[in-house]
> 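Starting off with a structure, shown below.
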Amino acid sequence: MLRISRMADYALLMVFNMLSRDELITLDSLHEVTNLSLPTMRKLMRSLISSNLVESARGSKGGFRLSRPHDQISIAEVIEAIDGPIALTECAKLDGGLCEFQDKCGLKENWNMVNRIISNTLHSVKLDTMAKVPIDIKRMKSKLIKILK
């Protein structure tokens with residue numbers, strides 16, 4: 001089963017609850033709308049800030065907001081901020097991974113191609129697109145066709 005981690009899913013939930021806000025949002029406010037625990041949100045927020053997806057301000061009127069417009073942040077960026085680079089298999093990792101079968105397997109190049117397609121697709125889905133219900137599938141198909149060419 002291909003699946004993003006629970007923490008990446010939580011990070012996406014937090015980010016989506018920050019989309020429509022121009023003002024700063026506190027962790028307490030995010031907690032109220034997401035029901036995520038404060039320690040989990042603190043941990044995720046540190047990763048989102050260090051990945052330059054979220055910016056923070058200290059003080060009594062402090063909080064968090066997206067560092068760029070939501071049409072310029074992909075869901076892949078959020079996932080990668082939490083889980084690291086997208087790699088479906090060990091041999092699809094950026095460093096080549098540590099696969100004990102790589103000398104006899106012969107699938108590495110194909111896995112790398114599949115990994116690139118999925119990664120490119122996730123990078124093409126921006127937060128504003130994902131927030132729309134339902135997603136404009138015609139627009140997505142045209143983007144996918146460009147990726148596959």
Side-chain angles (χ1 to χ4, degrees), residues 1-21 24-31 33-58 62-133 135 137 139-149:
M1 169 185 340
L2 295 175
R3 182 176 205 167
I4 65 169
S5 74
R6 181 172 297 191
M7 295 301 271
D9 191 23
Y10 291 167
L12 284 162
L13 178 62
M14 289 170 55
V15 167
F16 283 113
N17 279 284
M18 297 169 72
L19 285 185
S20 60
R21 300 175 185 264
L24 297 169
I25 185 170
T26 65
L27 283 183
D28 287 335
S29 296
L30 271 175
H31 169 71
V33 295
T34 66
N35 260 354
L36 296 173
S37 73
L38 288 171
T40 297
M41 290 194 305
R42 282 187 199 98
K43 179 180 179 179
L44 294 172
M45 200 58 83
R46 279 192 298 273
S47 295
L48 294 169
I49 290 168
S50 68
S51 296
N52 296 316
L53 297 174
V54 170
E55 55 190 23
S56 65
R58 294 183 181 263
F64 305 92
R65 73 172 148 239
L66 297 178
S67 62
R68 301 190 310 260
H70 53 344
D71 62 346
Q72 295 176 15
I73 299 174
S74 71
I75 61 171
E77 289 178 272
V78 177
I79 294 167
E80 290 175 338
I82 305 305
D83 292 341
I86 295 165
L88 298 176
T89 62
E90 188 69 25
C91 61
K93 288 183 176 178
L94 292 177
D95 64 2
L98 299 171
C99 179
E100 62 187 275
F101 304 109
Q102 71 185 36
D103 294 337
K104 296 180 182 185
C105 175
L107 294 175
K108 181 175 182 161
E109 291 307 313
N110 288 335
W111 272 123
N112 283 327
M113 180 189 64
V114 170
N115 195 78
R116 278 193 309 275
I117 291 168
I118 291 173
S119 179
N120 288 344
T121 301
L122 291 173
H123 278 280
S124 74
V125 179
K126 304 300 182 194
L127 295 179
D128 67 328
T129 302
M130 190 71 172
K132 294 176 185 169
V133 179
I135 289 177
I137 198 68
R139 185 172 149 213
M140 285 306 305
K141 280 183 182 178
S142 66
K143 284 185 178 185
L144 289 176
I145 289 167
K146 290 177 187 172
I147 290 169
L148 294 172
K149 287 184 178 179

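Everything numeric in this text was worked out from a predicted model, so none of it was measured.
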> As a quick check of understanding, evaluate side chain to side chain contact (heavy atoms under 4.5 Å, CB included) for M130 and H70, giving each step before the final call.
CA-CA 10 Å; M130 190 71 172; H70 53 344; over 6 Å; no
> Going by side-chain hydrogen bond (donor to acceptor under 3.5 Å, both in side chains), name the pairs with one or both residues in residues 40-53, residues two or more places apart or in two chains.
S37-T40
> Only counting residues at least two apart or in another chain, list the ones meeting side-chain hydrogen bond (donor to acceptor under 3.5 Å, both in side chains) with T26.
S29
> Is there any side-chain hydrogen bond (donor to acceptor under 3.5 Å, both in side chains) pair reaching into residues 5-17, and which pairs are they, with sequence neighbours excluded?
S5-D83
> Can you name the nearest heavy-atom pair linking E80 to S119, along with the distance?
OE2-OG, 4.3 Å
> Walk me through it: do L53 and I73 pass the test side chain to side chain contact (heavy atoms under 4.5 Å, CB included)?
CA-CA 8 Å; L53 297 174; I73 299 174; 3.9 Å; yes
> Taking it one step at a time, do V54 and S67 satisfy side chain to side chain contact (heavy atoms under 4.5 Å, CB included)?
CA-CA 5 Å; V54 170; S67 62; 5.9 Å; no
> Just to verify, what does E77 make a salt bridge (charged side-chain N to carboxylate O under 4.0 Å, His left out) with, not counting sequence neighbours?
R68
> Does M18 reach the side chain of L30, with side-chain heavy atoms less than 4.5 Å apart?
yes
> Quick one: does L122's side chain get under 4.5 Å of I86's, heavy atoms only?
yes
> Of all residues at least two apart in sequence or in a different chain, which pass the side-chain contact (heavy atoms from CB on, under 4.5 Å) check with L24?
A57, R65
> Taking the side chain as everything from C-beta on, heavy atoms only, tell me whether E55 gets closer than 4.5 Å to F64.
no
> Are L127 and Q72 side-chain neighbours, meaning at least one heavy-atom pair lies under 4.5 Å?
no
> Can any side-chain N or O of H31 pair as donor or acceptor with the backbone N or O of L36 at less than 3.5 Å?
yes
> Within the distance-only criterion (no hydrogens, no angle test), does the side chain of D71 pair as donor or acceptor with the backbone N or O of K126 below 3.5 angstrom?
no
> Does any N or O in the side chain of T121 come within less than 3.5 Å of the main-chain N or O of I117, such that one atom is a donor and the other an acceptor?
yes
